[in-house]
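This report refers to the structure that appears directly beneath it.
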Amino acid sequence: MAKKQFKAESKRLLDLMIHSIYTNRDIFLRELISNASDALDKRYYLSLTDENHKVDKDQLKIRIDLDKENRTITLTDTGIGMTQQELENNLGTIAHSGSLEFRQKLEEGASDVDIIGQFGVGFYSAFMVAQRIIVETRSATDDQAYSWISSGEDGYTIAPIMKEEVGTRIILELKEESDDDKVNQYLEEYTIRSLIKKYSDYVRWPIQMEVETTRTAEGKDEPETVRELQTLNSMVPLWKRSKSEITEEEYDEFYKSKFTDWEKPAKVIHYSVEGNISYNALLFIPAKTPYNFYSADYEPGLQLYCKGVFIMDKAKDLLPDYFRFVRGLIDSDDLNLNISREILQQDRQMKTLARNVEKKIKSTLEDMLKNEREKYEEFFRNFGLSLKFGVYQDYGMHKDQLQDLLLFKSTYKDEYTTLDEYVSRMKEGQDQIYFASGETIEQIRRLPQMEKVLDKGYEVLYFTDDVDEFAANIMMEYKEKKFKSINQGDLDLDDEQEKKAKEEKTQENKPLLEKMKEALGDKVKEVRLSSRLKSHPVCLVSDEGLSMEMEKVLNQMPNQNEVRAGRILEINPDHPIFATLQKVQQVHPEMIGDYADLLYSQALLIEGFKVEDPIDYANKICDLMIRSNQN
Ligand code: ADP
Ligand code: MG
């Protein structure tokens, strides 16, 4: 039989498994049992939905046999089994996401030993205890059975075999026992029994093993030792048990192994609903953003069970997009077993269910925000972007739902604030929610426009995510206070007297301003005197409508026609540069164009844009330096 090599990406992981002497390698058993349990779920589902594959539920189980003499552990399940092709695909490569993530962590240089035990590393973890693994399997959909044999590094062979029963048998031939490699413990009933209790108690299929017990038979006085088949697990799924009986550790273990995360969840949401549609839900909010969360290969969704029968993984329609970070499962007695992905979308009960789940997640988050602020902020750092996108998407139809869950950093203590908190701090007479956009808080803080707004005592929200302005735009207002960019349109910071003074000054300097506008041409819509600047000479603002931040974001998107915000160059009439401009206008009017250009370029730079013609800009500055020292 020709030996096949493992796919390259599997080799590294495999290598790690074979050579690691890791104290927490216990988890290999949990991994094999979870695979067997999945296989039983699939077989049972098939039997309920396909006439040709009927099977008696009593037959569905997992059995463990320990053979001390030959030093083997055998796990037998009557699950769905694997075809030849499936053997090849499933055991020849790392296919599942947990391992991929694991591999990525390794590549990032995380210490091997720390993470193996916490990770669902799947089937290959058996190589931590076995020197050779034999898999014998027959698929429910195939008459021919196959074996898969591997000693790890040197590849594997697949061959046809005789096997009557549908399902899979996995024989682990243990490594040599040595002082620092105590594998023999896994041949002890006691060890296996306690590992099952610890990691696999809630598995819904019986896990059986022949164990030694003492019993006093009827009519006899002396107890005798007998061997009998016992079910080692309690078989009650965790989510069906009462909350008060479940320890935090049990939830954590369950989450980690079921959803292949190496960190315990930030929040567990476990509840049941009786009513129109009854169900149990066990939901989790991860503690960290999954590495692929913002990429296309992140698959959101909840596991769906019906009457305890696993129906599908990642049922997408159970979660709104903005709560896509939630992992977990729903088990309902009221759904149709035959529900398919296509029907799922239109099913009325599913919709009710989804609405219900959404409400629960929302109220949990609200509760966290109110009572566990720090925890909520940590959550928001991880997944806040999802909520902001939620506000923006679908033309803002979810904004009422989500706006109170949003956090922004603001000039008030530079900490996170809710919109409600912002509004409650608003100054008397303030009727707008001010925000400023930029790449970083640091950058925003230094915007020329900030000074005066802060001087007037207004609080400003820092918008540092691309989506922020879009979300604010869609919300338009919060509690009847309009969102207002300090960078756009008219800020209305001045009192009546200041306004009048500015109006007069504008009239006086009309020729100058017009000349500058003329020199700049289409680059700007207007050149005007500013009432938002304090110590800085110029700034660039946009008129109402498309802002310059949005322009940047939109122009980064693929397949988007170039857009351009209407720019207005504002000059600070109280800055010495203005007096200089007035003087130049009188003495060297031919130079006003150059000055206008320079100031416009400066304003562009401050706004984080590129100067349109850097060489021209540099030359003009150079000229100016030379000239200012000529006389
Ligand atoms: P995962 O369980 O995360 O998919 P594993 O490495 O544990 O990854 O298993 C790889 C695949 O091998 C499984 O997805 C499954 O298709 C198949 N498999 C493993 N064990 C069994 C089994 N006992 N019965 C049927 N299929 C199995
Ligand atoms: Mg697995």
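Ligands are counted one by one from 1 in listed order, and the atoms in each one are counted from 1 as well. Predicted model only: the values in this text are computed from it and were never measured. The basis for the numbers below is simple: all heavy atoms, side chains too, and nothing from hydrogens, waters or symmetry mates.
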Review point. Between R227 and E189, is there a salt bridge with N-O shorter than 4.0 Å?
Key: yes
Exercise for review: Please state which part of T137 comes within less than 4.0 Å of ligand 1, counting heavy atoms only: side chain, backbone, both or neither.
Suggested key: neither
**Study point:** Those atoms of ligand 1 less than 4.0 Å from some heavy atom in A39
**Key:** 24 (N), 25 (C)
Point to revise | the Mg ion (ligand 2) to nearest N/O/S of S34 below 2.8 Å | key: no
Exercise for review: May I ask you to list the atoms of ligand 1 that are less than 4.0 angstrom from any heavy atom of F123?
Suggested key: 5 (P), 6 (O), 7 (O)
Exercise for review: Could you label the plane-to-plane angle of the Y376 and F379 rings as parallel, tilted or perpendicular, counting under 30° as parallel and over 60° as perpendicular?
Suggested key: tilted
Check your understanding: Are E250 and R241 close enough for a salt bridge, meaning some N to O gap below 4.0 Å?
Key -> yes
Check your understanding: So does K68 pair up with E188, basic N to acidic O under 4.0 Å?
Key -> yes
Practice item. Measure the shortest side-chain to side-chain distance between I330 and Y305 over non-hydrogen atoms and say whether it is less than 4.5 angstrom. Key: no
Revision key, fill the gap. Checking heavy-atom distances from atom 17 (C) of ligand 1 to each of D38, I170, N90, the winner is N90
Check your understanding: With a cut-off of 4.0 Å, which atoms of ligand 1 are near a heavy atom of L91?
Key -> 12 (O)
Review point. Does ligand 1 have any atom that is closer than 4.0 Å to a heavy atom of E31?
Key: no
Practice item. Pick whichever of M82, K42, R43 has a heavy atom sitting closest to atom 27 (C) of ligand 1. Key: M82
Check your understanding: Do R355 and E358 sit within salt-bridge range, that is, some charged N less than 4.0 Å from a carboxylate O?
Key -> no
